[in-house]
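These numbers were taken from a predicted model, which means no experiment stands behind them. Numbers here are sequence positions counted from 1.
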Amino acid sequence: MLTVLFVSHVKDESLSNGGSVFSSSVVKLINSAIPDIEISELYCLPSNPKVTKTFRKISSLLQSACSEFPAKVRYFYSREFSERIQHELTVNEYDLVVLDHAEMLWVVDLLPRNVLVIHISHNIEHCLYMQYVEKYNGWPVMGSMLKRDAVKYRQFERDKVREVGNLITISCEDREFWNALGAGMNVLALNPSFDYSPVVRQRSAFQGGKVLLGFLGNMEWWPNRDAVSWLSRYILPYLSIDYELHLFGLMSEHLGNGRNVIGHGFVDDIGMIWNAVDVMVNPIVTGAGVNVKVAEGIYNKMPMICTPLAIQGLSLAPDPSVVVMDTPEQWIDFINTQGSLDKLVFCGEFPNADSFSFLRQTQKLQQFLAEVMC
């Protein structure tokens, strides 16, 4: 029997964000790829859950100034969790350790030299962090602290990834980046995958002559907030059609306008979303990596309007159900043209849907694990 220790952040049972969906799918895929396997899971809970996230972020940034770890790593590091891992490694012997998220790569230093390690990389995190830091360029003290911390994060992530060597990443672009670190890198690009049957859409499009647009995303994640802001500022005021925009995801309930923008908040049954709207809009303009919710929409054969960044890393074949446009003017012209919307919503062709099936990704993972374990 192969014994595996999976180490990650707090376990998100509700799968309220793309990262938790991808992590959960990888664990399921590993279970499926290896018949005789036992996976133990350890999650890094905050040492004091009563302390607010904002306070912990500020505290982590201040601590990082005199620590080997950058702030985003300090945020999840604790002596208690370090001791939990060391105890687990003492009482149990593992063939493989899987470290989920770059912030957990500090655990590498606690592992026996003879244990195999795989890192699940959700983004090139230091690049994403640098984008975020740029928002504070006008803040003299805070901006300088964040820039120094971003440089430290870059060094930390690159060094630890090179030390691990075996990576499961979420996009082909990320795979090429990590492979460039050296000849010893072994990197698998694994699409987000879903083990349920695609939802059968039962809703008739354009009911009552109104176009229902949908956006799905956790609003605690800043690129999703930027996306809704871009949509509200540059697109919605210039639409001449009768429309409603429905926002789904954690904290989206606060973003409705009481008229034609409706915030639903977190939705337990994601299948309800695909039957609630005519077309999904994905105006991602900041961030990096793969948008897991876009992948899930494609898997469920939803017509979509996307920015180029929204489909980055998905390696899609030409697809009439996914319209990609860059500028606000292109978005406005397309949505205001009924013929264009009709062609998209009623296209009936979804050539990329199967790319995110559980079976296809299991086969890719089996080959990768065989190379790691040999």
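In summary, the side chains of His122 and Asp174 do not present any donor paired with an acceptor at a separation below 3.5 Å, with no hydrogens or angles considered. Side-chain contact check for Tyr129 and Asp149: at least one donor-acceptor pair (N or O, by modelled atom type) lies under 3.5 Å. In this model, no donor atom of one side chain and acceptor atom of the other lie less than 3.5 Å apart for His9 and Ser20. Gln330 and Asp326 form no side-chain donor-acceptor contact under 3.5 Å, judged by distance and modelled atom types alone.
Take Asp226 and apply the salt bridge (Lys or Arg N to Asp or Glu O under 4.0 Å) test, not counting sequence neighbours, and it matches Lys135. For Arg158, there are no salt bridge (Lys or Arg N to Asp or Glu O under 4.0 Å) partners two or more places apart in sequence or in a different chain.
Put simply, the side chain of Glu103 never gets that close to the backbone of Lys72: no donor and acceptor are under 3.5 Å apart. A donor-acceptor distance shorter than 3.5 angstrom exists from the side chain of Asn336 to the backbone of Ser240, with no hydrogens or angles considered.
Other residues, nucleotides and ligands contribute at most 12 non-hydrogen atoms within 6.0 Å of the NZ atom of Lys301. Summarising the local packing, OH of Tyr132 is surrounded by 12 or fewer heavy atoms from other residues, nucleotides or ligands at distances under 6.0 Å. At most 12 non-hydrogen atoms from other residues, nucleotides or ligands lie less than 6.0 angstrom from CE of Met142. More than 12 heavy atoms of other shown residues, nucleotides or ligands fall within 6.0 angstrom of atom CZ in Phe177. For Glu371, the CD atom counts as densely surrounded, since its 6.0 Å shell holds more than 12 non-hydrogen atoms of other residues, nucleotides or ligands.
Annotation: side chain of Ser64 is not in contact with side chain of Tyr153 (no heavy-atom distance under 4.5 Å).
Between Phe69 and Phe76, the ring center distance fails the sub-6.0 Å criterion.
Contacts classified as salt bridge (Lys or Arg N to Asp or Glu O under 4.0 Å) and involving residues 333-343 (residues at least two apart or in different chains) are not found.
The cationic atom of Lys28 (NZ for Lys, CZ for Arg) does not lie both less than 6.0 Å from the six-membered ring centre of Phe358 and within 45° of the ring axis.
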